[in-house]
Number of protein chains: 2
Amino acid sequence: MNKYEEIANELRRRIAESEYAEGEMLPDQIALSKEFNVSRMTLKKAIDIIAMEGLVFRKRGVGTFVLKSALWNTSDSKIDDYTGLSKQFPNKKVESKIILFDIVFPSKELQSLLMIEENDPVYHIKRLRIIDNKPYILEETYFVAGLVQQLTEETIYASIYEYIQQTLGLKIGGAYRKIHADLPNELDLLELNCTESTPILEVEQVVYLTNGTPFEYSTSRSRYDTRAYTITDIIKQ
Amino acid sequence: MNKYEEIANELRRRIAESEYAEGEMLPDQIALSKEFNVSRMTLKKAIDIIAMEGLVFRKRGVGTFVLKSALWNTSDSKIDDYTGLSKQFPNKKVESKIILFDIVFPSKELQSLLMIEENDPVYHIKRLRIIDNKPYILEETYFVAGLVQQLTEETIYASIYEYIQQTLGLKIGGAYRKIHADLPNELDLLELNCTESTPILEVEQVVYLTNGTPFEYSTSRSRYDTRAYTITDIIKQ
DNA sequence: AAGTGGTCTAGACCACACA
DNA sequence: GTGTGGTCTAGACCACTTT
């Protein structure tokens with residue numbers, strides 16, 4: 001772990017536990033760099049990180065303040081999280097029910113989204129993610145089989161993302177997402193414990209490796225009352 | 001203009017004009033820092049910026065490469081847009097119907113979200129945004145009256161965000177957003193031309209000035225079949 | 001072993017706010 | 001003027017990949 005990451009973690013903790021209270025000023029950078037025994041550059045990098053996350057804001061000539069809003073500390077999924085559900089809900093029972101697991105050739109649309117040819121096979125997976133015995137997310141995923149190799153049922157029951165990142169060593173570079181509401185489809189009615197008038201939240205995404213290669217197209221559907229997405233957006237000045 | 005911004009601009013130009021072509025490697029950091037006559041730290045900061053924008057990606061031990069992806073570069077229709085609907089739909093007729101316009105004192109929750117006291121008045125506005133004669137978004141907005149001063153009905157019919165940025169000269173620093181699906185409420189049924197089983201997409205947001213002061217809390221509701229939000233998310237390496 | 005990007009330092013100077 | 005955050009340097013060492 002880098003020094004600046006460790007410092008950022010410690011600062012996050014202090015803010016979370018109100019050692020630095022809302023609206024209050026943090027100690028100045030020189031004092032903090034002395035406390036952590038690092039150079040001011042390194043300390044500033046840590047503050048850069050938590051400022052990007054929206055925890056603090058800085059006023060040149062004045063100081064660094066804790067920024068807070070009740071919305072901030074919710075349990076909603078952060079949209080830019082690739083750790084998988086088990087990490088996001090460490091204290092809950094996370095299970096998967098596999099509805100479909102197959103290898104197919106991609107449709108025209110999928111070829112275009114994943115930048116592959118018609119003879120490049122893709123894994124096609126439908127999973128129901130269950131948290132604390134309640135149906136939570138219905139995922140339909142296509143993985144480029146040439147990249148995400150040797151996917152087994154066993155892996156799908158556990159965490160696919162852990163497999164991709166830890167075992168295969170692939171590095172995720174980013175994602176393009178679309179969020180919209182939808183009417184429930186037949187599978188939703190069957191699996192998500194909802195009726196025909198239950199709104200559904202769907203996140204559609206293409207996920208890329210660091211070299212720009214798309215490796216996944218997926219849709220994640222949840223009942224309107226079980227999931228929300230949060231986005232912190234800070235304009236770079 | 002800082003050195004690293006100038007260098008980032010120059011690198012953007014070279015990539016845009018294919019002086020560094022797609023997939024090719026940039027000169028290494030030491031060579032570039034010599035070319036621009038800056039320290040390597042400063043040069044790296046410039047590359048950090050264009051990497052965050054998704055123009056290049058870096059492989060430790062290998063080099064820095066020009067990254068291209070059609071999706072990546074068209075990501076300008078992003079969620080973080082503060083120009084107002086008229087700018088987003090330049091070729092369409094954008095109208096507003098004012099449902100409510102009032103000044104009130106904030107609820108406890110609003111006080112916390114906007115970091116104000118109970119005796120700090122807020123504007124309370126409900127507007128229906130209409131595009132090409134079709135109801136599009138139902139907005140409920142609270143502005144901190146001490147910041148967004150002298151709001152008139154006239155302004156609300158036009159663009160509030162233009163007023164805030166152009167006339168008042170306030171600078172928007174960012175926003176915290178939550179996206180979820182919802183059941184239609186009574187006002188939705190009345191104004192958005194929907195039935196009780198029409199899913200609604202709601203975006204809830206707190207918008208901040210550059211100094212971290214929240215000035216707006218709002219919810220924007222649309223029918224599921226009229227609006228989606230897109231997000232491009234590039235992981236910092 | 002050589003070359004790449006990533007981190008970190010100790011110190012300098014600048015830009016800005018406020019008293 | 002004093003104190004804050006922002007930028008920049010010149011050089012060191014580390015982590016990783018390729019030869």
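Below, read A as the first sequence line, B as the second, and so on, with proteins coming before strands; counting in each chain starts at 1.
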Report the distance from atom [atom1] of [X] to atom [atom2] of [N], rounded to the nearest whole Å.
X     : N      : atom1 : atom2 : result
A:R58 : D:dT7  : CZ    : C1'   : 13 Å
B:I30 : D:dG11 : CD1   : P     : 12 Å
B:I50 : C:dG5  : CD1   : P     : 12 Å
A:F36 : C:dT7  : CZ    : P     : 18 Å
A:L43 : D:dT4  : CG    : C1'   : 13 Å
B:K44 : D:dC14 : NZ    : C1'   : 14 Å
B:D48 : D:dG6  : CG    : P     : 16 Å
A:I49 : C:dG6  : CD1   : C1'   : 13 Å

Check: Any idea which of C:dC8, C:dT7, C:dG11 is nearest the A:M41 side chain?
Finding: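 Taking heavy atoms from C-beta onward, the closest nucleotide is C:dG11.
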Check: Any idea which of C:dG5, C:dA10, D:dT7 is nearest the A:S39 side chain?
Finding: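 Closest nucleotide among those given: C:dA10.
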Next item on the list: Using a heavy-atom cut-off of under 4.0 Å over every strand shown, decide if B:K45 touches base, sugar-phosphate, or nothing.
Entry: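 Sugar-phosphate contact only - B:K45 comes under 4.0 Å of backbone atoms but never of a base.
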Margin query: Mind checking if B:N37 touches a base, just sugar-phosphate, or nothing, with heavy atoms under 4.0 Å?
Written below: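 It contacts sugar-phosphate atoms only.
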Item checked: Whichever of B:R60 and A:V62 has its nearest DNA chain C nucleotide further upstream toward 5' ->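 Whichever sits nearer the 5' end wins; that is B:R60.
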Next item on the list: Using heavy atoms to find the nearest nucleotide of DNA chain C for B:D28 and A:G61 separately, return the residue whose nucleotide is more 5′.
Entry: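 Checking each residue's closest nucleotide, the 5'-ward one belongs to B:D28.
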Can you tell me if the side-chain N/O atoms of [X] get under 4.0 Å from OP1 or OP2 in [N]?
X     : N     : value
B:Y4  : D:dC8 : no
A:Q29 : D:dG3 : no
A:T42 : C:dT7 : no
A:K3  : C:dT9 : yes

Notebook entry, point to check: Which distance, rounded to the nearest 0.5 Å, do you find between the CD1 of B:I49 and the CG of B:N9?
Noted result: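 Between atom CD1 of B:I49 and atom CG of B:N9 there are 9.0 Å.
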Notebook entry, point to check: According to the Watson-Crick and G-U wobble definitions, with both distances under 3.5 Å, which nucleotide is paired to C:dA19?
Noted result: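 Checking every strand shown, C:dA19 finds no partner, since no pair has both distances under 3.5 Å.
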Margin query: Other residues, nucleotides and ligands only: do more than 12 of their heavy atoms fall within 6.0 Å of CD on B:E117?
Written below: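 No, not enclosed.
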Note to self: Suppose we call a contact any N or O donor and acceptor under 3.5 Å apart; does that hold for the side chain of B:R40 and the base of C:dG6?
What the structure shows: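 Answer yes: a donor N or O sits under 3.5 Å from an acceptor.
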Note to self: For a quick check under 3.5 Å, do B:Y20 and B:R14 share a side-chain donor-acceptor pair by atom type?
What the structure shows: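 Distance-only check passes for B:Y20 and B:R14.
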Margin query: Checking A:T141 against A:R127 for the side chain to side chain contact (heavy atoms under 4.5 Å, CB included) test, could you report, in this order, the C-alpha distance in whole Å, the side-chain angles of both residues, the deciding distance, and whether it holds?
Written below: CA-CA 8 Å; A:T141 311; A:R127 285 196 299 180; 5.9 Å; no
Note to self: Checking ring pair (Phe, Tyr, Trp, His ring centres under 6.0 Å) between B:H124 and each of B:Y217, B:F143, B:Y142, which is the one that passes?
What the structure shows: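 For B:H124, the ring pair (Phe, Tyr, Trp, His ring centres under 6.0 Å) check succeeds only for B:Y142.
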